Amino acid sequence: MSHTTRITTRTLREMKQAGEKITCLTSYDASFARILEDAGVDILLVGDSLGMVIQGHDSTLPVDLDDMVYHTRAVSSASESALVMADLPFMSYATPEQAMASAARLMKEGGAQMVKLEGGAVMVDTVRQLSAQGIPVCAHLGLLPQSVNKLGGYRVQGRDSQAADAMLADARAMETAGADVLLLECVPATLAGEITAALSIPVIGIGAGPHCDAQVLVLYDMLGITPGKRPRFSKDFLQQGGDIRAAVAAYVKAVKDGSFPAAEHSF
């Protein structure tokens, strides 16, 4: 599918229905946003991962709403066709009212077309109220980086049958509440495939196997420049591509043709 106008939630649903894989990468500034969009990336995620890859923190927790508005504005100013999605940072959506105010800033000041929030059943009312006010929402299940201290580290989620059933129930609840997209992080590939098949909304995977409708990676991980150990579910496309533009193009092609993620990138 060639996009000459802005990608919307409707576009993403049509891509899912057509069986066309959707591409997503994180983006934090105007220059990379332009490169990613030119290469055909469908969704630019302004992730609170910027706390780790840009600000140098050991988690996403120190990122605040001002940070997210700033980086979202930088990305949206350079974007013409990709859908710009922005993370609601830690403790910026503790109540539906706070979520509404935070999302309004990301959209009005930052130029986001969608916001993303972490959490399952406890977030259903918040998602419902955001959706009712015309705010597109991506719900995030599985490994929740903002809850890393509660989870006891960055661990695969949904491995046992009880946890898998609960995640499927949460996914259905999010769709019913009005979520436009679902993101699954560090989830067994089989479970991610079941959830993807059960929902009519697009499902984005990161470390969730090849059966999701879309794939996302942290940009710096797929360029092999994140300090420390690269996540198992990522791949260094810069090493094979030679330069940044070629690396992003290779990532887009690999997602679209289904060669990424492969078995070694899945759980």
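When reading the values below, keep in mind they use all heavy atoms of this one structure, side chains included, and skip hydrogens, waters and symmetry mates. Being a predicted model, the structure only gives us computed values, none of them experimental.
Side chain of Glu37 to main chain of Glu80: a donor-acceptor pair is present (N/O by atom type, distance under 3.5 Å, no hydrogens or angles). Not one N or O on the side chain of Arg13 forms a donor-acceptor pair closer than 3.5 Å with the backbone of Pro202. A donor-acceptor pair under 3.5 Å is formed between the side chain of Tyr251 and the backbone N or O of Cys24. No donor-acceptor pair under 3.5 Å is formed between the side chain of Ser147 and the backbone N or O of Lys150. Between the Ser131 side chain and the Ala179 main chain, no donor and acceptor come within less than 3.5 Å of each other. For His71 (side chain) and Met68 (main-chain N/O), no donor-acceptor pair under 3.5 Å exists by modelled atom type. The backbone N or O of Ala74 lies less than 3.5 Å from a partner atom in the side chain of Ser77, making a donor-acceptor pair.
Of all the heavy atoms in Ala78 and Ala30, the pair that sits closest is CB-O, 3.4 Å. The heavy-atom pair separating Val41 from Ala82 by the smallest distance is O-CB, 3.7 Å. Considering all non-hydrogen atoms of both residues, Arg6 and Ser79 come closest at NH1-OG, 2.7 Å. Contact record, Cys212 with Thr196: CA-OG1, 3.6 Å, taken as the closest heavy-atom pair. The minimum heavy-atom distance between Gly119 and Met174, with the atom names listed, is O-CE, 2.9 Å. Scanning both residues, Gly209 and Ala189, for their nearest heavy atoms gives CA-CB, 3.8 Å.
The side-chain hydrogen bond (donor to acceptor under 3.5 Å, both in side chains) test applied to Arg155 returns no partner, not counting sequence neighbours. Take Asp165 and apply the side-chain contact (heavy atoms from CB on, under 4.5 Å) test, not counting sequence neighbours, and it matches no residue. Residues satisfying the side-chain hydrogen bond (donor to acceptor under 3.5 Å, both in side chains) test with Asp257, not counting sequence neighbours, are Lys253, Ser259. Applying the side-chain contact (heavy atoms from CB on, under 4.5 Å) rule to Ser161 yields no partners; only residues at least two apart in sequence or on another chain are considered. With sequence neighbours excluded, the residues satisfying salt bridge (Lys or Arg N to Asp or Glu O under 4.0 Å) with Lys16 are Asp213. Residues satisfying the side-chain hydrogen bond (donor to acceptor under 3.5 Å, both in side chains) test with Gln113, not counting sequence neighbours, are none.
Rounded to the nearest 0.5 angstrom, Ser49 OG and His57 NE2 are separated by 12.5 Å.
In this structure the side chain of Lys235 never reaches within 4.5 angstrom of the side chain of Met222, judged on heavy atoms. Residues Leu223 and Asp236 form no side-chain contact, since every pair of their non-hydrogen atoms from C-beta on lies 4.5 Å or further apart. Using a 4.5 Å cut-off on side-chain heavy atoms (C-beta onward), Pro188 and Arg159 make contact. A heavy-atom distance below 4.5 Å is not found between the side chains of Asp42 and Leu83. Met85 is not listed as a side-chain neighbour of Val46, based on a closest heavy-atom distance of 4.5 Å or more. Contact check for Gln215 versus Ile204: no side-chain heavy atoms found under the 4.5 Å cut-off. With contacts defined as side-chain heavy-atom distances shorter than 4.5 Å, the pair Val84/Leu45 does not qualify. Side-chain contact between Cys138 and Met114: present, with at least one pair of heavy atoms (C-beta onward) separated by less than 4.5 Å.
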Apply side-chain contact (heavy atoms from CB on, under 4.5 Å) to the pair Val127 and Leu117, showing each step before the final yes or no.
CA-CA 9 Å; Val127 171; Leu117 52 77; 4.0 Å; yes
Before giving the answer on side chain to side chain donor-acceptor pair (under 3.5 Å), spell out for Thr11 and Thr8 the whole-Å C-alpha distance, their side-chain angles and the decisive distance to 0.1 Å.
CA-CA 5 Å; Thr11 314; Thr8 66; 3.2 Å; yes
Quick one, Phe233 with Cys186, criterion side-chain contact (heavy atoms from CB on, under 4.5 Å). Give me CA distance, side-chain angles, the key distance, then yes/no.
CA-CA 8 Å; Phe233 55 75; Cys186 289; 3.6 Å; yes
As a quick check of understanding, evaluate side-chain contact (heavy atoms from CB on, under 4.5 Å) for Tyr154 and Leu143, giving each step before the final call.
CA-CA 7 Å; Tyr154 297 96; Leu143 172 62; 3.9 Å; yes
Run the side-chain contact (heavy atoms from CB on, under 4.5 Å) check on Arg34 and Ser31 step by step: do they pass?
CA-CA 5 Å; Arg34 185 73 265 161; Ser31 297; over 6 Å; no
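Counting Ile, Leu, Val, Met, Phe, Trp and Tyr side chains that sit under 4.5 Å apart, directly or through other members, Leu184 shares a hydrophobic cluster with Leu141, Met167, Leu168, Leu182, Val187, Leu191, Ile195, Leu199, Ile201, Val203.
Under the 4.5 Å side-chain heavy-atom criterion for grouping Ile, Leu, Val, Met, Phe, Trp and Tyr, Ile35 is connected to Val53 within one hydrophobic cluster. Linking Ile, Leu, Val, Met, Phe, Trp and Tyr whenever their side-chain heavy atoms come within less than 4.5 Å leaves Met107 and Tyr70 in two separate clusters. In the hydrophobic clustering of ILVMFWY residues, with side-chain heavy atoms under 4.5 Å counting as a link, Met52 and Leu61 come out apart. Grouping the Ile, Leu, Val, Met, Phe, Trp and Tyr side chains by contacts below 4.5 angstrom, directly or via other members, places Ile54 with Leu88. There is no path of hydrophobic side-chain contacts, each under 4.5 Å, that joins Phe90 to Val115.
Within 6.0 Å of atom CG in Asp58, 12 or fewer heavy atoms from other residues, nucleotides or ligands are found, so the atom counts as exposed in its surroundings. In Gln162, the CD atom is not crowded: 12 or fewer heavy atoms of neighbouring residues, nucleotides or ligands sit closer than 6.0 Å.
Below 30°, between 30° and 60°, or above 60°: for Phe237 and Phe260 the angle between ring planes is above 60°, a perpendicular geometry.
Here the rule is side-chain contact (heavy atoms from CB on, under 4.5 Å) with Phe32, and of Thr26, Leu25, Ile244, Leu44 only Ile244 fits it. Screening Leu219, Val75, Ile43 against Leu36 for a side-chain contact (heavy atoms from CB on, under 4.5 Å) leaves a single residue, Leu219.
Every pair passing salt bridge (Lys or Arg N to Asp or Glu O under 4.0 Å) that includes a residue from residues 120-133 is listed here, sequence neighbours excluded: Asp125-Arg128. Pairs of residues two or more places apart, or lying in two chains, never qualify as salt bridge (Lys or Arg N to Asp or Glu O under 4.0 Å) while including a residue from residues 167-181. Each salt bridge (Lys or Arg N to Asp or Glu O under 4.0 Å) pair with one or both residues in residues 108-117, not counting sequence neighbours, appears once here: Asp87-Lys116, Arg105-Glu109. Identified under the salt bridge (Lys or Arg N to Asp or Glu O under 4.0 Å) test for residues 223-232, with sequence neighbours left out: none.
Using a cutoff of 4.0 Å between basic side-chain nitrogens and carboxylate oxygens, Lys256 and Glu20 are scored as salt-bridged.
The six-membered or imidazole ring of Tyr220 lies near that of Tyr28, with a centre-to-centre distance under 6.0 Å.
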Just distance, no hydrogens or angles: give the donor-acceptor pairs under 3.5 Å from side chains in residues 91-100, sequence neighbours left out.
residue: Ser92; atom: OG; partner: Pro89; partner atom: O; Å: 2.6
residue: Tyr93; atom: OH; partner: Glu118; partner atom: N; Å: 3.1
residue: Tyr93; atom: OH; partner: Gln146; partner atom: OE1; Å: 2.8
residue: Thr95; atom: OG1; partner: Gln98; partner atom: N; Å: 3.0
residue: Gln98; atom: OE1; partner: Ala94; partner atom: N; Å: 2.8
residue: Gln98; atom: NE2; partner: Met91; partner atom: O; Å: 2.9

